[in-house]
Amino acid sequence: MRHSIVAGNWKMHKTYSETHTLLDELIEKLPSGKEVEVIVAPTFVNLASAVAHLEGTNVQVAAQNMHQAEGGAFTGEISAQMLTSIGVETVIIGHSERRHYFNETDAVLADKVNTALRHNMRVIYCIGEELKDRESKQFLNVIFNQLRDGLFHLTKEQWSNIVIAYEPVWAIGTGMTATPEQAQEIHAFIRQEIDRKYDKSVAENTSILYGGSVKPSNAQEIFSKPDVDGGLIGGAALVADDFVAIVNAAN
Ligand SMILES: O=C(CO)COP(=O)(O)O
């Protein structure tokens, strides 16, 4: 069901002790209301202890990636079953850093989505254009292709476990944010294409998050747009006060 979500993607930051210090601060400072779902995605090595640490709170834990195979000789990789076995039920798939630095193609990502859904996991699927696509005015095509190749093979029913994060690559970690109007334009486009492929109920029930230099100073304006259902936060998720302020902006 469509609802507000604020998720912190911690990327390759925070050691074990730093992870737990930040979690303690979040537990102390996050609002207790349940209107906004709060998710944190620490690194793999800290997932199990984060789940234990957050037990009894409203904060969910997500993984930043997973492998598409059920298991086997894939040195260094992590399977869906390993994640669910420690209580991680949400996974970020298709982040632009995975696409760019680790050559993850839409075909591989579609496989990862299938595997995650087979294990009843929820997927936060990231899409977004690069600066060159915006400059050449190809950004809607790029976004459509990512949607089609990563998600449009799914059945209508499977969409209940899909959350989309629109993250324009040019806005990630750059301090350059999409304007609220630019975010709204793309979010409405994504919803329209889901409606065209499936139907209104799928489109209206899918949460679509914005990511890319969201900060306490711009969160409220971005989240106020009708098709923006929350955010996927990078840098600002590493500072408790900033992340809490962003959660409050979504409330
Ligand atoms: O990539 C992001 C979240 O997944 C966004 O990162 P920043 O908020 O640091 O721009």
Side-chain angles (χ1 to χ4, degrees), residues 4-14 18-19 22 26 36-44 46-47 50 59-66 88 90-104 109 112-113 116 121-131 133-134 139 142-143 146-147 150-151 162-180 182-183 186-187 190 207-223 225 228-250:
S4 283
I5 299 171
V6 174
N9 175 8
W10 293 10
K11 306 191 181 184
M12 198 171 74
H13 295 289
K14 304 287 177 190
E18 289 165 353
T19 294
L22 179 52
L26 292 178
V36 179
E37 182 183 353
V38 179
I39 301 174
V40 292
T43 59
F44 281 128
N46 293 316
L47 286 176
V59 182
Q60 307 293 313
V61 175
Q64 300 173 17
N65 177 35
M66 53 162 252
V88 173
T90 302
V91 59
I92 299 170
I93 290 180
H95 192 281
S96 60
E97 289 149 16
R98 299 294 318 172
R99 293 174 187 263
H100 182 72
Y101 298 118
F102 303 96
N103 302 317
E104 293 192 0
L109 297 172
K112 292 192 179 204
V113 170
M121 296 182 78
R122 176 173 53 165
V123 172
I124 300 177
Y125 194 76
C126 303
I127 57 177
E129 82 284 1
E130 294 178 34
L131 188 58
D133 307 319
R134 192 154 273 273
F139 54 102
V142 169
I143 288 159
Q146 290 174 340
L147 271 177
L151 298 175
I162 300 292
V163 170
I164 291 180
Y166 167 59
E167 299 205 307
V169 177
W170 48 271
I172 295 177
T174 59
M176 259 165 78
T177 322
T179 63
Q182 283 172 326
I186 304 296
H187 284 227
I190 292 167
S207 299
I208 307 177
L209 316 182
Y210 170 79
S213 298
V214 177
K215 301 180 214 65
S217 56
N218 59 23
Q220 193 151 20
E221 210 188 342
I222 296 171
F223 296 163
K225 292 294 175 190
V228 178
D229 302 309
L232 182 55
I233 319 301
L238 300 172
V239 179
D241 286 335
D242 287 355
F243 189 65
V244 170
I246 293 168
V247 171
N248 285 332

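It should be emphasised that the depicted structure is a prediction, and the values quoted were computed from it without experimental measurement. Scope of the values below: all heavy atoms of this structure, side chains included, with no hydrogens, waters or symmetry mates. Order of listing sets the numbers, starting from 1, for every ligand and every atom in it.
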Starting from atom 8 (O) of ligand 1, locate the nearest protein heavy atom and write down its residue, its atom name and how far away it is, to 0.1 Å.
Gly234 N, 2.9 Å
Given side chain to side chain contact (heavy atoms under 4.5 Å, CB included), test Leu151 with Val123 step by step and report yes or no.
CA-CA 11 Å; Leu151 298 175; Val123 172; 5.6 Å; no
Per-atom filter on ligand 1: closer than 4.0 angstrom to a heavy atom of Gly173 are 7 (P), 9 (O), 10 (O)
So, does Gly175 sit close enough to ligand 1 that a heavy atom of it is under 4.0 Å from the ligand?
no
As a check for students: among Met176, Lys11, His95, Glu97, identify the option with a heavy atom nearest to atom 4 (O) of ligand 1.
His95
Ile172 and ligand 1 - part of the residue with a heavy-atom distance under 4.0 Å
both
Could you go step by step and tell me if Val169 and Asp133 meet the side chain to side chain contact (heavy atoms under 4.5 Å, CB included) rule?
CA-CA 10 Å; Val169 177; Asp133 307 319; over 6 Å; no
Between Arg122 and Glu37, is there a side-chain N and carboxylate O pair less than 4.0 Å apart?
yes
Checking His95 against Gln64: is there a side-chain donor and acceptor pair closer than 3.5 Å?
no
Please identify each residue that fulfils side chain to side chain donor-acceptor pair (under 3.5 Å) with Ser207, with sequence neighbours left out.
none
Polar proximity ligand 1 side, Thr174 side, N/O cut 3.5 Å exclusive
no
Determine, using heavy atoms of Gly212 and all atoms of ligand 1, whether some pair is separated by less than 4.0 Å.
yes
Take atom CD in Gln220; do more than 12 heavy atoms of anything else shown fall under 6.0 Å from it?
no
For Ser213, counting its heavy atoms only, list the atoms of ligand 1 lying under 4.0 Å from any of them.
7 (P), 8 (O), 10 (O)
Should Gly235 be counted as touching ligand 1, given the test is an N or O pair under 3.5 Å?
yes
Is there a heavy atom in Ala236 that sits closer than 4.0 Å to ligand 1?
no
Counting from 1 in the order shown, the ligand 1 atoms closer than 4.0 Å to a non-hydrogen atom of Ala171 are 10 (O)
In terms of heavy-atom contacts, Met66 and Val91 come closest through CG-CG2, 3.7 Å
Against heavy atoms of Glu167, which atoms of ligand 1 measure under 4.0 Å?
1 (O), 2 (C), 3 (C), 4 (O), 5 (C)
Please work out which of the three classes, parallel, tilted or perpendicular, describes the rings of His187 and Tyr210, given edges at 30° and 60°.
tilted
